[in-house]
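Worksheet: the structure to be examined is printed underneath.
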There are 2 protein chains.
Amino acid sequence: MNKQDAKTGIKPTVNDIARVAGVSLATVDRVLNARPGVRSVTIEKVNKAIAELGYVRDTAAANLARGRVYNLLFILPDTANEFVVALDHHVTEQAIKLRHQRTTLDTVRVPPFDPQSIVQMLDNVDASRTDGVAVFGPETPSVRDAVKRARARGIVVVALVADLPSSERDHFIGVDNVAAGRTAAHLMGRFARQSGRVLVITGSRLARDHLERRKGFDAVMSEHFPELDVVASIEGRDDPELIRKMLPDVFASYPDLCGIYSSAAGNPGLIQYLSDNPHPGLTVIAHELTPTSRIALNNDVFDAIISQDTGHLVRSAIRLMKATADRQPIDHTQERIRIDIYLRENMPTP
Amino acid sequence: MNKQDAKTGIKPTVNDIARVAGVSLATVDRVLNARPGVRSVTIEKVNKAIAELGYVRDTAAANLARGRVYNLLFILPDTANEFVVALDHHVTEQAIKLRHQRTTLDTVRVPPFDPQSIVQMLDNVDASRTDGVAVFGPETPSVRDAVKRARARGIVVVALVADLPSSERDHFIGVDNVAAGRTAAHLMGRFARQSGRVLVITGSRLARDHLERRKGFDAVMSEHFPELDVVASIEGRDDPELIRKMLPDVFASYPDLCGIYSSAAGNPGLIQYLSDNPHPGLTVIAHELTPTSRIALNNDVFDAIISQDTGHLVRSAIRLMKATADRQPIDHTQERIRIDIYLRENMPTP
DNA sequence: TTGAAAGCGATACCAC
DNA sequence: GTGGTATCGCTTTCAA
């Protein structure tokens with residue numbers, strides 16, 4: 001006897017649809033996956049059954065039958081800075097974990113601040129071997145076009161950390177950097193012990209995330225903390241050594257410097273300088289919780305750190321690439337990357 | 001021809017094990033699932049093949065074959081406070097999402113601060129119908145014992161928000177509340193505009209999370225900010241109306257009050273009072289980002305909010321209960337709940 | 001244009 | 001103690 005009496009409110013399956021629609025399993029599958037070669041009358045019947053039963057596909061079973069494998073690629077800048085190292089680390093970690101879940105993760109490193117390398121990487125991605133790519137890089141016209149080309153080939157492309165809005169990437173995984181800059185300014189304003197000058201250290205004019213932070217920082221400083229004077233920023237190019245060398249001049253020029261906002265990478269240079277030349281009363285706010293910045297926070301060299309969870313960034317990128325590739329819905333609250341504020345007291349244990 | 005030549009480095013399956021070990025599928029399964037009735041010699045053979053091939057079970061396939069369904073239960077205090085409402089909301093949200101992924105989620109509400117109701121609920125949980133329970137409640141000897149009994153029956157029990165360490169619960173999902181209290185103190189110390197008195201509003205002496213926060217707060221205040229004097233705390237029992245009524249006396253007693261740390265629930269009462277009786281220069285730090293506290297932050301009634309992500313709490317609890325029920329490994333970095341600090345500038349959009 | 005039947009990887013019932 | 005085999009929900013040849 002057939003399990004006809006499955007009216008029991010349990011989950012309907014493809015078999016139920018086939019029975020109700022009076023067609024075969026194969027036909028149900030054709031309709032379900034929009035495959036050609038089905039009369040529209042039949043399509044109607046099947047769709048009616050689907051709606052009637054409230055059918056929802058069991059993705060796990062589908063992937064099993066299909067032998068579905070997700071091949072994802074991360075394109076990261078080839079810098080030694082700890083934030084990128086942390087991202088890379090998390091990709092590797094997920095890679096070994098997801099190997100047993102039909103997912104492969106690869107990472108390629110391209111020269112930093114070099115749009116052409118990214119373009120080249122993107123153009124080399126083979127749609128038949130790669131389902132999705134996560135890109136952390138500058139937004140230039142050439143990158144934008146390469147992203148568009150990749151997407152046209154059917155590859156899912158997401159922007160990581162720094163957005164590439166003009167490229168029509170599938171998703172952006174990262175924080176609102178304008179808000180991050182505003183947050184830094186708010187903390188600077190409330191923490192600064194006196195009025196005086198404030199220095200901003202930026203990274204590159206090419207980096208969208210850096211520009212946005214700067215913008216947000218300036219807005220809040222001028223609006224809410226007029227007693228603090230933001231002086232011309234220095235461009236550290238994420239280079240610790242360069243930053244360390246630039247600082248003596250800055251302090252010489254502004255004896256009343258009371259705050260520094262390190263909005264990009266290169267923190268080790270700043271920390272080195274400040275450790276060698278202590279400036280008590282100086283309020284320092286930097287980005288990204290890393291082994292080095294963690295120590296600086298513990299030693300009162302930094303007063304606060306604005307951060308984003310690298311593990312979350314990577315896991316979120318993976319989930320979004322898979323969901324997009326499968327045209328599945330997204331849980332936006334889970335994917336929203338928060339702007340973390342860390343003080344000495346609330347750092348997570350390493 | 002058989003797919004003998006699967007030496008291609010691809011994932012080994014139960015079939016590969018059976019072939020290599022020279023036994024049947026059924027026997028492989030017996031060994032894999034530690035079922036009785038297999039000679040130790042045979043067990044050896046199979047285990048050897050498993051190790052040799054580096055086999056890892058495909059959970060998706062296993063759950064499909066098994067018809068595995070996860071039935072999980074959340075026990076939450078029956079209060080109208082927004083934090084609990086948010087938790088409840090996320091449980092419901094996940095419930096409808098996971099319904100299509102072999103998972104059912106239920107919530108029961110028990111009277112707040114009432115250990116006996118929790119004990120009753122726990123004792124009534126049927127191990128044959130429920131795989132795991134997440135409990136948010138006070139740590140009392142009776143609750144501790146009920147948790148132990150539930151676990152003895154084979155039910156996974158996790159503590160949510162407030163830990164129940166003495167119960168030997170399977171996991172705790174929540175923040176380090178001592179550190180949260182320390183964080184609040186650090187912010188209070190840096191934000192307070194002058195020296196003076198600081199008030200702490202606690203919830204219940206039964207609530208472990210409240211006690212821990214208080215402990216952390218006091219420690220940092222006395223150690224780092226001696227210019228601020230923490231006065232005897234008031235116990236608000238998470239009751240907005242009660243809190244509102246207690247405040248006039250407090251302000252009368254301490255004209256130099258310069259800070260309030262609202263360490264538990266009941267914020268609406270505090271906000272109401274402060275809106276009716278503005279105290280410019282007063283630094284207020286509260287817990288949990290909710291619709292109400294969000295507005296208070298926006299209106300400068302609150303200076304900062306210490307929070308924990310309710311969506312993350314719920315998703316994490318679910319993942320942990322499932323993983324524990326299946327004896328699967330856990331990604332601790334993903335499950336760590338962060339102590340969030342929110343200023344007006346970095347609140348996530350609602 | 002449609003259907004029958006063989007899997008995907010793992011489990012479980014029923015024999016021997 | 002072991003092995004054969006149907007089954008889970010879905011996909012995919014191969015025929016008809």
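Protein chains get the first letters and strands the later ones, always in sequence-line order, with residue 1 at the start of each. All values reported here derive from a predicted model rather than from experimental measurement.
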When the distance from [atom1] of [X] to [atom2] of [N] is rounded to whole Å, what number comes out?
X	N	atom1	atom2	answer
B:Glu44	D:dT2	CD	P	12 Å
B:Arg19	C:dG9	CZ	P	12 Å
A:Ile17	D:dG9	CD1	C1'	11 Å
B:Ile50	C:dG9	CD1	P	16 Å
A:Asp326	D:dC10	CG	P	15 Å
A:Gln101	C:dG9	CD	P	15 Å
B:Lys45	D:dG1	NZ	C1'	11 Å

Protein-to-nucleotide contact annotation, 5' to 3' order, nucleotides 11-16 of chain C [B base; S sugar-phosphate only; - none; under 4.0 Å, heavy atom]: BB----

Distance test, side-chain N/O of A:Thr27 to OP1/OP2 of C:dT1, below 4.0 Å: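 Result: no.
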
A:Thr13 vs D:dG9: side-chain N/O to OP1/OP2 distance below 4.0 Å: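 So the side-chain polar atoms of A:Thr13 never come under 4.0 Å of the phosphate oxygens OP1 or OP2 of D:dG9.
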
Pairs flagged by side chain to side chain donor-acceptor pair (under 3.5 Å) wherever residues 150-162 of chain A is involved - sequence neighbours left out: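 Of all non-adjacent pairs touching residues 150-162 of chain A, those that pass side chain to side chain donor-acceptor pair (under 3.5 Å) are A:Arg151-A:Asp170.
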
Heavy atoms of other groups near B:Gln120 CD, more than 12 under 6.0 Å: no

Inter-axis angle, terminal five-pair segments of the helix from C:dT1-D:dA16 to C:dC16-D:dG1 [nearest 10°]: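 Helix axis angle between the two ends: 50°.
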
With [X] via side chain to side chain contact (heavy atoms under 4.5 Å, CB included) - residues at least two apart:
X	answer
A:Arg68	A:Asn63, A:Arg66, A:Tyr70, A:Asp131, A:Ala325, A:Asp326
B:Gln101	B:Lys97, B:Leu98
B:Glu82	B:Thr290, B:Pro291, B:Thr292
B:Thr92	B:Asp88

Contact class for [X] (heavy atom, under 4.0 Å): base, sugar-phosphate, or nothing?
X	answer
A:Gly37	base
A:Val28	nothing
A:Arg68	nothing

Closest-nucleotide ordering on DNA chain D, the 5'-leading residue of B:Leu64 and B:Thr42: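 Checking each residue's closest nucleotide, the 5'-ward one belongs to B:Thr42.
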
Residues forming a salt bridge (Lys or Arg N to Asp or Glu O under 4.0 Å) with B:Asp78, sequence neighbours excluded: B:Arg109

Contact list for residues 49-63 of chain B, test salt bridge (Lys or Arg N to Asp or Glu O under 4.0 Å), sequence neighbours left out: A:Arg102-B:Asp58, B:Lys48-B:Glu52

Nearest non-hydrogen partners of B:Ala317 and B:Ile173, listed with the distance: CA-CD1, 3.8 Å

